[in-house]
Amino acid sequence: MDHEGALTPRQEDIERILLSKADIASIVCRMGEELTKDYRDSNPLFIAILRGAVVFFADIIRAVQCPLQIDFMAVSSYGSAAKSSGVVRILKDLNTPIEGRDIVIVEDILDTGITLNYLIKNLESRGPRSIEIAAFLVKDVPGQRSAVLPRYVGAHVPDAFVVGYGLDYDERYRNLPYLGVLKPEVYS
Ligand code: IMP
């Protein structure tokens, strides 16, 4: 199989690389240390928000050096449009009861925060002991204040559409090992 040929068209859609594999590895390592320090004795439940967070999730849980459990939720988000719709629906719920538990929501990118704000309200009604957010990325949009504040942040990115390391545009680019800015002509 011609791997070069299979990769080239996708890479041509990338305007520039924001975070290399090495950048990502050091971010994950630093966040893992912070989380280990804060959750050493509490057996937290780490919740991955499908699907974008799975790549980061797989890395971050292995960077945390204390006992933890995992579960998954899926909520509706962008679909194929590169803009936040504000419409949030739970597509897949947790299998684990969270009453009295320390929860860490693992998210790929926070933009408006609408998705997580909804999710946190929903989870709070189930009586957890605490809920914190670990966001790999926070998008800095001039004049926009996110509806939620993540305690753990990997990196801030500019107001552009980014893909790779789990993040998609129209279900593509999730498997790029780096984070890049998508060329606007791809989605306009
Ligand atoms: P929010 O509700 O506006 O914070 O949107 C959060 C969700 O939108 C993320 O979990 C992603 O699924 C998606 N999203 C936001 N910005 C981007 C981006 O630049 N690239 C890919 N997905 C994005």
Side-chain angles (χ1 to χ4, degrees), residues 9-21 23-24 27-28 31 45-61 70-94 103-124 131-188:
R10 284 199 323 231
Q11 286 178 345
E12 279 172 6
D13 294 347
I14 305 301
E15 191 170 271
R16 66 182 195 280
I17 294 179
L18 283 181
L19 298 173
S20 68
K21 265 173 92 166
D23 295 333
I24 292 171
I27 288 169
V28 168
M31 292 179 82
L45 181 69
F46 276 51
I47 299 174
I49 308 303
L50 300 174
R51 285 170 278 192
V54 289
V55 179
F56 173 53
F57 190 72
D59 283 345
I60 194 70
I61 60 172
I70 64 169
D71 205 340
F72 301 89
M73 280 186 98
V75 293
S76 64
S77 63
Y78 283 5
S80 58
K83 270 190 119 221
S84 203
S85 66
V87 180
V88 182
R89 259 184 328 132
I90 292 184
L91 305 175
K92 187 229 168 286
D93 209 336
L94 299 172
I103 305 299
V104 179
I105 300 176
V106 178
E107 177 64 307
D108 53 359
I109 183 165
L110 258 177
D111 185 354
T112 62
I114 290 170
T115 316
L116 275 197
N117 191 35
Y118 169 86
L119 205 63
I120 286 170
K121 290 214 165 74
N122 180 292
L123 294 177
E124 271 169 353
I131 302 180
E132 297 294 350
I133 301 165
F136 177 60
L137 302 170
V138 170
K139 196 181 276 192
D140 288 333
V141 180
Q144 173 179 284
R145 263 188 45 202
S146 170
V148 293
L149 281 181
R151 170 165 293 192
Y152 308 93
V153 175
H156 289 257
V157 292
D159 186 12
F161 203 80
V162 294
V163 293
Y165 196 59
L167 287 122
D168 75 309
Y169 171 66
D170 206 9
E171 295 307 323
R172 291 150 65 205
Y173 313 104
R174 289 196 198 274
N175 57 331
L176 290 178
Y178 55 81
L179 185 87
V181 174
L182 192 61
K183 286 183 179 164
E185 58 260 37
V186 178
Y187 58 85
S188 58

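Predicted model, so just to flag it, every value in this text is computed and none were measured. First listed ligand is number 1; within each ligand, the first listed atom is number 1.
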So the atoms of ligand 1 within less than 4.0 Å of a heavy atom of T115 turn out to be 1 (P), 2 (O), 5 (O), 6 (C)
Assess V163 for proximity to ligand 1: is some non-hydrogen atom of it under 4.0 Å away? no
Taking only non-hydrogen atoms of D108 and a 4.0 Å limit, the atoms of ligand 1 in range are 9 (C), 10 (O), 11 (C), 12 (O)
Atoms of ligand 1 under 4.0 Å from any heavy atom of F161, numbered from 1 in the order shown, are 17 (C), 18 (C), 19 (O), 20 (N), 21 (C), 22 (N)
Is the distance between the ring centroids of Y165 and Y178 under 6.0 Å?
no
Interatomic distance, CG@N122 vs CG@N117, rounded to 0.5 Å, equals 11.5 Å
Quick note on ligand 1: atoms under 4.0 Å from a heavy atom of T112 include exactly 1 (P), 2 (O), 3 (O), 4 (O)
Problem - Basic-acidic side-chain contact under 4.0 Å: K183, D13 - result: no
- prompt: Mind checking whether A160 has a heavy atom under 4.0 Å from ligand 1?
  reply: yes
Logged contact type for L167 with ligand 1, heavy-atom cut-off 4.0 Å, is side chain
A student checking ligand 1 against K139 at a 4.0 Å heavy-atom cut-off should list atoms 16 (N), 17 (C), 18 (C), 19 (O)
dist I70:CD1 -> I60:CD1 (nearest 0.5 Å) comes out at 13.5 Å
Here the gap from D168 atom CG to R51 atom CZ, rounded to the nearest 0.5 Å, amounts to 7.5 Å
* Within the structure, does G113 bring an N/O atom to less than 3.5 angstrom of an N/O atom in ligand 1? -> yes
A student checking ligand 1 against E107 at a 4.0 Å heavy-atom cut-off should list atoms 10 (O)
Residues passing the salt bridge (Lys or Arg N to Asp or Glu O under 4.0 Å) test with D159, sequence neighbours excluded, are none
Looking only at atom types and distance, does a side-chain atom of E107 sit under 3.5 Å from a main-chain N or O of G113, one as donor and one as acceptor?
no
| said: Does the residue G52 have a heavy-atom contact with ligand 1, meaning some pair of atoms that are separated by less than 4.0 Å? | reply: no
With L179 as partner, the option from V163, I17, I109, L18 fulfilling side-chain contact (heavy atoms from CB on, under 4.5 Å) is L18
Taken in chain and number order and not counting sequence neighbours, the residues that satisfy ring pair (Phe, Tyr, Trp, His ring centres under 6.0 Å) with F72 are F57
Any nitrogen or oxygen of V162 lying under 3.5 Å from a nitrogen or oxygen in ligand 1? Just yes or no.
yes
query = Under 4.0 angstrom from ligand 1, any heavy atom of D168?
reply = yes
